[in-house]
Amino acid sequence: MSSDYALHIAPNPKRVPSVAILIAISSLSPLAMNIYLPSMSGMMAAFSATSGEIQLTMSFYFIAIAVAQIVLGPLSDQFGRRPVIVLGMLLFVIGSILCLLAPTVEALIAARIVQAVGGGTGLVLGRAIVRDMFGREQAASMIGYVTMGMAVAPTIGPAIGGLLDAQYGWRGGFFLMLIFGVGVTVSAFLYLPETNRYRSPVSIRKIASSYNQLAREKMFWAFCLCAVSSAALYFAYLGGAPFVAAGVLGLTPAEIGLYFMVVALGYILGNFITGRVAERVGVVRMIIAGTLIGLFGVLLIAAAVVSGALNAPMLFLPMFFVGVGNGVCLPSAISGAVSVRPDLAGTAAGLTSSLQIGFGAIASAIVASFLATDELGSGAAPMVVVMAVGAAASLVFVTAVYFGEKQISHLPTD
């Protein structure tokens, strides 16, 4: 059996982008994803829309990223990372302008789709760039560091979004995204080098062949579905927490933004831990530890809902542990997925991210749909149920990773 599965690619100093630029291109999409969460109630009033309609600005954002990345990953494998990312950043800027000018909720949803496709390029290809430069274990540490820095923007995003909403209404957060997008686009054009060494002519047949080859790799699916199920916990929470916080607990946009910082701080801590120890501990142990930490957070919030003790701290603080768990699990799961076939790193990164966002959109939409139909009468119960399903799935797939790696380690190599 070939040892290509754990191939170590030494970085070339002449083509290594700075951590700062990787953080910048990776931060656009997460920032756009959650900076406007505190403004959702205000947007309902501004557009005379229901919570379900406003939730579509998030659900379609997720879906657009998921669909786009099926194509973006293979394109970057064949045209290179740099041109795809620069064009994506320009598209994000255009989408942000359209969001600011949207006269109706339908126009806003369409603008968010444009914004999502553009911002998603940096989110997925930042991971592929790291894998271009490093072997699997070191890539997990590097993804952890990049994600830790990347998480700063969405950490402070809801808090800033809440303050901007108080001063300028729902458009305040989108204006900040426009400014950030312009800055990142210029930086990517000036400072992002090309890192892909496996480029080949593009064609529909070639893209289909890349996915066909990747789909046959069992360990890719094990790592990928670990990342998907772990991320689903967070997306389910995003689908319900803003409405529960405002409609059930009566929190203001500024208060919601500050509480969301607690969630993101957990994610930063988890990624910091990954950056420090993943290379020594190994991706499998990191995935197991992260899954168990996230499960603990889900159990805490479920206990609060079942016991009737749900309040603002118990809605947000348990998610600190889910954030830590995701920060520990996801970089290693993603590194494992994109390392199964280094020559298809962009394709693997695109498909993994696509499935993460796609299933995240489904989880978020299910939660929002239940809350809208029940007019918040059930509180946080729908959100907790969907999160529990994600936690159970995580346990199944982490088991597949453990036994799959154990089997591989016992096979002879060339």
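These numbers come from the heavy atoms of this one structure, side chains and all, not from hydrogens, waters or symmetry mates.
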Chemist: So, the side chain of Glu194 versus the backbone of Arg81: is there a donor-acceptor pair under 3.5 Å, distance only?
Modeler: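 At least one qualifying donor-acceptor pair exists.
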
Chemist: Which atom names give the shortest non-hydrogen contact between Val322 and Gly294, and what distance separates them?
Modeler: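 Reported closest heavy-atom pair: CG2-O, 3.7 Å.
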
Chemist: Take Leu176 and Tyr168 through the side-chain contact (heavy atoms from CB on, under 4.5 Å) test and state the conclusion after the steps.
Modeler: CA-CA 11 Å; Leu176 182 61; Tyr168 306 106; over 6 Å; no

Chemist: Just by distance, do the side chain of Ser26 and the backbone of Ile23 share a donor-acceptor pair under 3.5 Å?
Modeler: no

Chemist: Listed by chain and number, what are the side chain to side chain donor-acceptor pair (under 3.5 Å) partners of Tyr36, not counting sequence neighbours?
Modeler: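 In terms of side chain to side chain donor-acceptor pair (under 3.5 Å), with neighbours along the sequence ignored, Tyr36 is linked to Thr57, Arg112.
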
Chemist: Check for a donor-acceptor pair, side chain of Ser332 on one end and backbone N or O of Cys329 on the other, with a separation under 3.5 Å.
Modeler: no

Chemist: Could you check whether any side-chain heavy atom of Met44 comes within less than 4.5 Å of a side-chain heavy atom of Thr50, counting everything from C-beta outward?
Modeler: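 Sidechains of Thr50 and Met44: no contact.
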
Chemist: With Ser394, which residues qualify under side chain to side chain donor-acceptor pair (under 3.5 Å), at least two apart?
Modeler: Ser229

Chemist: To the nearest 0.5 Å, how far apart are OG in Ser39 and CG in Asp165?
Modeler: 3.5 Å

Chemist: With a 4.5 Å cut-off on side-chain heavy atoms, are Phe92 and Phe180 touching?
Modeler: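 Sidechains of Phe92 and Phe180: no contact.
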
Chemist: Can you confirm whether more than 12 heavy atoms, excluding those of Phe359, are under 6.0 Å from its CZ atom?
Modeler: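 For Phe359, atom CZ is not crowded (no more than 12 foreign heavy atoms under 6.0 Å).
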
Chemist: Is there a side-chain contact between Arg82 and Phe189, using heavy atoms and a 4.5 Å cut-off?
Modeler: yes

Chemist: Any side-chain heavy atom of Gln356 sitting closer than 4.5 Å to one from Ile334?
Modeler: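 The answer is yes, as the side chains (C-beta and beyond) meet within the 4.5 Å cut-off.
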
Chemist: Any heavy-atom pair between the side chains of Leu315 and Leu249 that's under 4.5 Å?
Modeler: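 SC-SC contact between Leu249 and Leu315 confirmed.
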
Chemist: How far does CG of Asn326 sit from OH of Tyr234, to the nearest 0.5 angstrom?
Modeler: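 The distance works out to 9.0 Å.
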
Chemist: Please report the interatomic distance OG1(Thr291) to CE(Met286), rounded to the nearest 0.5 Å.
Modeler: 11.0 Å

Chemist: Does the side-chain contact (heavy atoms from CB on, under 4.5 Å) test come out yes or no for Tyr402 and Phe397, once each step is laid out?
Modeler: CA-CA 9 Å; Tyr402 175 77; Phe397 296 126; over 6 Å; no

Chemist: Considering all heavy atoms of both residues, which atom of Val386 and which atom of Ala363 are nearest to each other, and what is their separation?
Modeler: CG1-CB, 3.8 Å

Chemist: Can you tell me if Thr185 uses its side chain to pair, donor with acceptor, with the backbone of Gly181 under 3.5 Å?
Modeler: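 Pair found, side chain donor or acceptor close to backbone of Gly181.
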
Chemist: Side chains of Gln115 and Leu28, heavy atoms from C-beta outward: is any pair under 4.5 Å?
Modeler: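 No. Closest side-chain heavy atoms not under 4.5 Å.
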
Chemist: Which heavy atom of Ala236 sits nearest a heavy atom of Met387, and at what distance?
Modeler: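 That closest heavy-atom pairing would be CB-CG, 3.8 Å.
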
Chemist: Quiz question: by atom type and distance under 3.5 Å, do the side chains of Gln213 and Ser209 form a donor-acceptor pair?
Modeler: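 Yes - a donor-acceptor pair under 3.5 Å links their side chains.
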
Chemist: With a 4.5 Å cut-off on side-chain heavy atoms, are Ile113 and Tyr61 touching?
Modeler: no

Chemist: If you take all heavy atoms of Cys224 and Leu355, which pair is closest and at what distance?
Modeler: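 Answer, listing the atom of Cys224 first, then Leu355: SG-CD1, 3.7 Å.
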
Chemist: Is the backbone of Arg276 close enough, under 3.5 Å, to the side chain of Arg280 for a donor and an acceptor to pair up by distance?
Modeler: yes

Chemist: What are the two closest non-hydrogen atoms of Ala231 and Leu330, and how far apart are they?
Modeler: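 The pair with the smallest heavy-atom distance is N-CD2, 4.4 Å.
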
Chemist: Pair Val117, Ile65 - check side-chain contact (heavy atoms from CB on, under 4.5 Å), show working.
Modeler: CA-CA 5 Å; Val117 173; Ile65 293 178; over 6 Å; no

Chemist: Work out which heavy atom in Ile25 is nearest to a heavy atom in Ala188; give both atom names and the distance.
Modeler: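 The answer is CG2-CB, 4.2 Å.
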
Chemist: In Å, rounded to the nearest 0.5 Å, how long is the span from CD of Glu106 to CD of Glu53?
Modeler: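 Here the rounded value is 6.5 Å.
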
Chemist: Could you tell me the separation between the CG atom of Leu351 and the OH atom of Tyr211, rounded to the nearest 0.5 Å?
Modeler: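 If we round to the nearest 0.5 Å, Leu351:CG and Tyr211:OH are 5.5 Å apart.
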
Chemist: side-chain contact (heavy atoms from CB on, under 4.5 Å), that's the test. Do Val84 and Leu125 meet it? Break it down for me.
Modeler: CA-CA 9 Å; Val84 176; Leu125 297 185; 3.6 Å; yes

Chemist: Any side-chain heavy-atom pair from Ile301 and Met314 closer than 4.5 angstrom?
Modeler: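 Side-chain contact under 4.5 Å: no.
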
Chemist: Rounded to the nearest 0.5 Å, what separates atom CG in Leu100 from atom CH2 in Trp170?
Modeler: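 That separation rounds to 7.0 Å.
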
